[in-house]
Amino acid sequence: MEENLHRVSRSPDVGTHNQNDSVAEDNRRRRHYNHHTHGVQAKDSADWNAVDDLDFEILNFHSSPSNADDDMDFEIVNFHSSPSSPSPVVTNDEPLRLPIPMSGLGVPNEQLFVTQRSLPELARGPPYFYYENVVLAPWETISRHLYDVAPEFVDSSFICAAARERGYVHNLPISNRYLIQPPPKHTIQEVLPLTKNWWPTWDTRTKLNCIFTVNASSQLTNRIRSALEASRGEPPEEIKRYVIEQCEKWNLIWVGQNKAVPLEVNEIETLMGFPIYHTRGGGGISRAERLKSLSNSFQVDTLAYHLSVLKPLFPDGINVLSLFTGIGGGELALHRLQIPMKTVVSVEFSQANKYILRDFWERTNQKGVLIEFEDVQDLTKDIIVELMKQFGGFDIVIGGSPCNNHAGGNRVTPNCLEGEQSLMFYEYCRVLNVVRQTAKEMRRS
Ligand code: SAH
């Protein structure tokens, strides 16, 4: 990790302003603990693309011997438009503060984790909310609009075999979280056992990088094969380095002698915590659409770990407002947690994703009601209030708004919420405010 850091500095704000002292202390110990027990984190797809687009300045916040008690380890990333960028964008938001390691408020099998936090008054209590976005999103702005709740940054590779670095702003309780059973497999070789026969000893990867839409070309896989075949026996260091670099960048796996290939859709589904063929949606959905939807999706085991706290709270079932539903990662997590979904109001634009959710709903024989809206902007205050009266309110508003404008190749600026897609974040906030306000009024009357 250290070799990636360009500069060492201090930060006045380490982003734990909502946590009480004992929690902060726990956090400190946890970070130090993890710093020594986990290796270098894998990069997320959005980050990979960003690395190409932007110069990174990474500042590491280190303990100072003089006042070790106040210090926490944080990595701060500042962005600069690269000289080749057509129009340098002056950002008015924060430098991104990323904790190291990215284990949020605790991940399974950790000895030290946070068991309580104090949320800002306005954020407390139901209806619950859970918002997800990529780590490069403008989190200070996002927090500010979500009642000042600090994001919890988690890399899914703590939980499963694929990295997925995401931020989550939510007001869920955090004690007694648990993993859904059977727990996800932790290494590539466990998830894809057939690869073991062909995995070269010098490729030491055990985790995949984040799943993303673009696949390696067949030219690349051919180039790798030719380079390795030409080496006969143990390849020279230079070739190994090149191959590993490409394997990491493109998430290639070994399926034959010298044959490194991209993941199949069903393998990605498994890694993301979905049953295989989930995104087939009953047919008619192209491979490209399936890949795109999967690359935008929640990692289900990670999400379910966070949502598991709902299980004892809603033994009779839950009413869900699912914004930007995608392929239904939220719904699948609740289903796998065996929390009955009494009502799901799903808001999703894409026809393919709607088919996938409906197919899931039918296949899993859901007893609850599924109501669909296409565009979040159609969800007016009147409609929300009407729905809430009909079902007695929503228990959770869950969603990750589209991040095209601050993720991957489409990224306009590292921290703008101004692109058409990213503006949807403000729709999430608008809807959530109506839901929480209406719930308050309903409780009063
Ligand atoms: N968390 C989801 C995926 C979120 S990606 C999952 O687990 O799969 C964002 C989703 O928002 C995409 O599926 C996109 O089709 C949808 N979307 C974009 N604009 C929208 C709008 N105006 N109204 C509703 N959905 C929208």
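For ligands, and for the atoms within them, numbers begin at 1 and follow the listed sequence. Quantities reported herein were computed from a predicted structural model and do not represent experimental measurements.
Comparing heavy-atom distances from atom 13 (O) of ligand 1 across Lys292, Glu348, Glu374 singles out Glu348 as nearest.
Minimum interatomic distance between Leu357 and Gly328 (heavy atoms only, all atoms of both residues): CD1-CA, 3.9 Å.
Close approach of ligand 1 to Phe298 is summarised as follows: ligand atoms under 4.0 Å from at least one heavy atom of the residue are 1 (N), 6 (C), 7 (O). Listed by number with element, the atoms of ligand 1 under 4.0 angstrom from any heavy atom of Gly400 are 4 (C), 9 (C). The contact set between ligand 1 and Asn296, taken as ligand atoms under 4.0 Å from a residue heavy atom, comprises 3 (C), 4 (C), 5 (S). Atom numbering of ligand 1 starts at 1 in the shown order; those under 4.0 Å from a heavy atom of Ser350 are 15 (O). Near Asp375, meaning under 4.0 Å from any of its heavy atoms, are these atoms of ligand 1: 21 (C), 22 (N), 23 (N). Proximity to Gly329 (heavy-atom distance under 4.0 Å) selects the following atoms of ligand 1: 7 (O).
In this structure, the ring of Tyr131 has its center no less than 6.0 angstrom from the ring center of Tyr168. Close placement of the Phe360 and His335 rings is indicated, their centers lying within 6.0 Å of each other.
Within the 4.0 Å heavy-atom criterion, the part of Asn353 lying near ligand 1 is the side chain and not the backbone. No part of Leu323 comes within 4.0 Å of ligand 1, judged by heavy-atom distances. If you look at Met424 next to ligand 1, the close heavy atoms, those under 4.0 Å, all belong to the side chain.
Side-chain atoms of Asp155 and Ser157 form a donor-acceptor pair, as typed in the model, at a separation below 3.5 Å.
Looking at Pro151 and Ile142, their side chains never come closer than 4.5 Å, going by heavy atoms from C-beta outward. Between Pro108 and Tyr178 there is no side-chain heavy-atom pair separated by less than 4.5 Å.
By the 4.0 Å heavy-atom criterion, Val300 is excluded from the residues contacting ligand 1. Using a 4.0 angstrom heavy-atom cutoff, Glu132 does not count as in contact with ligand 1.
Taking the ring axis of Tyr147 as reference, the NZ or CZ atom of Arg124 does not stay both within 45° of it and closer than 6.0 Å to the ring centre.
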Next on the checklist: Go through it in stages, so that I can follow the logic: the residues are Tyr128 and His170, the test is ring pair (Phe, Tyr, Trp, His ring centres under 6.0 Å), and I'd like the CA-CA distance, side-chain angles, deciding distance and then a yes or no.
Outcome noted: CA-CA 7 Å; Tyr128 293 108; His170 64 85; 9.4 Å; no
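Taking the six-membered ring where tryptophan is involved, the planes of Tyr130 and Phe298 are tilted, since the angle between them lies from 30° to 60°.
Not one N or O of Pro402 is nearer than 3.5 Å to an N or O of ligand 1, by distance alone.
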